[in-house]
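Below: one structure, written as structure tokens.
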Amino acid sequence: MTGRIYIYVAAVFILMSLSGRTALCADVEVSASVSPTEVPVNGTVQVTVTASGSDAVRAARPELKGIDDFLIEPRTQDGTKIDMNGMQMSVIKTWVFTLRPRKIGTFTLGEASVRVGSEIYTTTGVTIEVVAGTAQQQNNQREQTGSSQQQADRASANGIFIRSYVDNDEPYVGQQITHTFELYDNISLMDDGEYSPPATIGFWSVKLPNVPGETKIIRGSFFQYRALKTALFPTTSGELTVGEASYRYVSGGFFAPVRSRTLTAEPLTIKVRPLPAKGKPENFSGAVGNFTIAASADKQELAVGDVVTVKVTIAGTGNLDLISELDTPDFSAFRTYDPKVAESLGNSGFIVGGAKTWDFVLSPKDEGVSTIGGFSLSFFDPANESYHTVNTEPIVLTVRPGINQDSQSVSGVSRRGIKDLATDIRFIKADKQSLFSGSRKVHTHPVFYLFYIVPFGAFIASTAFKRRREGLEQNIGLKRRLNAWKTAEKRLKEAEKHLAANDTAAFCGALSDAAYGFLGDMLNIDRSSITLSSIGEILRAHDIGTEQAEKLRKNLELCDFVRFSSAYREDSLQSSLFDEIRDTLKVINGMMNQR
Amino acid sequence: MKRFPTAILWIFLALFTSSDGVTAENTGEAASRFNEANALYRNDNYADALRIYQNLISRGYADADLYYNASNAAYRNGELGLAILYLEKARKLDPSDNDIAANLAFLNSIKVDAETGSGNAVFDFLSRHYDAFDINEAALWSGMLFALAMLSFTVFLFSGGWRRTSLLSLGTVALLFSIVATGAMIEKAHRNHTVVEAVLLADEAMAYSGPGDDNTHIFTIHEGTKVTLERSQDEWSLIRLKSGSGGWIRTDSMAGI
């Protein structure tokens, strides 16, 4: 039993040992980076190989491949950084090789093999370009390297420093230069810090993507390296300044005091050279870089009045955004519209480029074969310091007759911007029997105002009539007086009928009623209060003459005689009596109305 | 809505308008000349047709159809400015005629200087309809609505019950619309007397800051552009465009509407 236990323990120990070894071997990452990727033939390029992981401490010095065309400088920098995070140990081991190219060409660097224990790790290479660099560029690089070294010397003691530089401080107008702001730190930062980019007055600037962070060894110390790049295109010649760039950070930690500090990079003076006058093409409009041009039409055959879209594309690297004008061919055979311009900017290896397109919408005026001449672009290439002109091939269009072509030629009138001439004026008015010749101003004719006067007059009259009627309704005396004669006339007519019918009693009754009723209505007194004896007095009281009063009284008295005595029933007497009373009432009515 | 008063309008025009010394016999002769010009136009002889139309116009015939046909002949004869001038005159005589409005819109669309509105679509819509409303129509509406209002009020005096309320409402509404129509009539009459409009007949005219071509050149207008005349001095007139810009141009380069 005890023997079996020993066997189990031994097996477990062996398994743990093997599994631990496997984990250690697998916990290593090896990478390589190359900087810069374009280097002058007498410059230097650094290849940095990094092994990281808990087992990286056992990594051996790498073996570089593909370096036959390079000289290895002896000052290779090695460094090891060990961090403890709890129970986890992290090791970063770095080797920096400085290579000097022997000839111009394209090479692959960075392929290296690193042995860790029994395992061999390899890295993939990076293509670099060795070019014929100028002495100025070499000097710049040397100065930058020297400056960097001095800054590193000064700042490494603080654990953080910055660098700000441009890759070319004597560019041509419109030529791209790249401003780089580098940050090196090996202290504990509490955040990512705050970068204030420099003022770039006089430049068109394009922000470039951030450089991936990496670890660098400077004077045997590990520094975290970050870089921000901006492409700058000078828009004028002379001395321009890239302003101060600054970086503000907060450092500290659990055992260290927290403090805020700002690092400021000195402004950089750029001496911008004007573009050479010699060989400058007439149609040159400021394009600097290296460009190609292409043109195409969306159709080759169309009708008069239809539109064709011609797309012109300029692509390449350089100050694409500053190309605002395009040298266009003669468009006189077309109606033109403002082109639609689009731009797509990008970058490759921190070199700004892309494409800019112009969509020209054209409408041919005449049928036949129309040719759109070639578009051209002249640009200055700083790489070989000379001007170049690129052209497109002419585009040939076949134009058929349009639907509206006839109406165009008939009208003989053309106007800019008219798209549709299918409409025409309406036809003339038909023949007439007479022509109008009047002034046709209704409101100046007097008859027109009858529209206002007559209805308004009618309204006023109606209002007056209504008011009068309402007044009469309220004043009974006045109403009786106004209607007195009308009522009397009715009764007199009745009496006349009785006379004609030889009905003496009824005749006399009606005649008396007419007289007494008239006086009652006219004087607004109760009829029953009027008697033969009081008639005279009543009439005199109302300023009716004595003669008329007496005459009426006598006639009414005679009327009573006739009614009640057969001796007075002669037709002539009754007739004369009727006339007398009627005339007397008429006279009295006239006298009363005159008042 | 519009045909009814227009028909009545023509009856009143026949009753109210003065003959201006043109006898019925002359009118008949003029109509035959008009028809003769129409026949020439139909045979594509636009120049001769235009001459006859212009002769009738110079004799004082103010017929919208005459001006309309003269405009067509002028346009076909290549005289765009004259065509627009005659159409403007025709529109003044008969603003509700659709043919006149359509041709005027067409000619304005092909002239060099584009017609611009106020920029306010609602205002332009109301303005267009207001301009299409003749002063005679405004007068007629004003008179008829006033008469209707007075009649309603008169009957209202002697009515009772629901009729009384209805008549009062009808009369009030009619009176309000009559006041609006009267206002429009007065405004149009005032405008007829105070605002002088003209159309440019020359191919183009340069407008200066003062009466004389030694002044600053402010802008250039082209044939067919309608302007408002403000005042004249010597051979120059101060004109104002719809946009509000003003300048002096030669008086003989344009003709009044």
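Proteins come first, then strands; the chains are lettered A, B, ... in the order of their sequence lines, and each starts at number 1. The figures here come from the full heavy-atom set of this structure, side chains too, leaving out hydrogens, waters and symmetry mates.
The distance between the ring centers of B/Tyr61 and B/Phe34 does not fall below 6.0 angstrom. Ring centroids of A/Phe375 and A/Phe360 are separated by less than 6.0 Å, placing the two rings close together. Taking the centre of each ring, B/Tyr41 and A/Phe427 come in below the 6.0 Å mark.
Of the two parts of B/Leu151, neither the backbone nor the side chain holds a non-hydrogen atom closer than 4.5 Å to a non-hydrogen atom of chain A. Both the backbone and the side chain of B/Phe153 come within less than 4.5 Å of a heavy atom in chain A. Residue B/Tyr67 does not touch chain A at all, counting heavy-atom pairs closer than 4.5 Å. Neither the backbone nor the side chain of A/Ala461 has a heavy atom closer than 4.5 Å to any heavy atom of chain B. Contact of B/Ser142 with chain A is made through backbone and side chain together, with heavy-atom distances under 4.5 Å. Contacts of B/Leu107 with chain A are made by side-chain atoms alone, with heavy-atom separations under 4.5 Å and no backbone atom involved. Looking at B/Asp44, there are no atoms closer than 4.5 Å to chain A (heavy atoms on both sides), in backbone or side chain. Neither the backbone nor the side chain of B/Ser152 comes within contact range of chain A, judged by heavy atoms closer than 4.5 Å. For chain A, the nearby part of B/Leu56 is the side chain; its heavy atoms alone come within less than 4.5 Å.
Classification of B/Asp65 and A/Lys432 as a salt-bridged pair holds, one side-chain N sitting under 4.0 Å from a carboxylate O. For the pair A/Arg491 and A/Asp513, the salt-bridge criterion is not met [side-chain N within less than 4.0 Å of a carboxylate O].
The candidate from B/Asn103, B/Thr154, B/Val155 with the greatest count of non-hydrogen atom pairs under 4.5 Å with chain A is B/Asn103. In terms of non-hydrogen atom pairs under 4.5 Å with chain A, the most contact-rich of B/Ala73, B/Ala147, B/Ala37 is B/Ala147. Top candidate by heavy-atom pairs under 4.5 Å with chain A, chosen from B/Arg42, B/Glu36, B/Met185, is B/Arg42.
Between A/Arg480 and the choices A/Thr487, A/Asp521, A/Asn475, the side chain to side chain donor-acceptor pair (under 3.5 Å) rule is met once, by A/Asp521.
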Check: Does the side-chain contact (heavy atoms from CB on, under 4.5 Å) test come out yes or no for B/Arg191 and B/Ile135, once each step is laid out?
Finding: CA-CA 10 Å; B/Arg191 192 158 25 129; B/Ile135 186 172; over 6 Å; no
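Donor-acceptor pairing under 3.5 Å is lacking for the side chains of A/Asp359 and A/Thr309.
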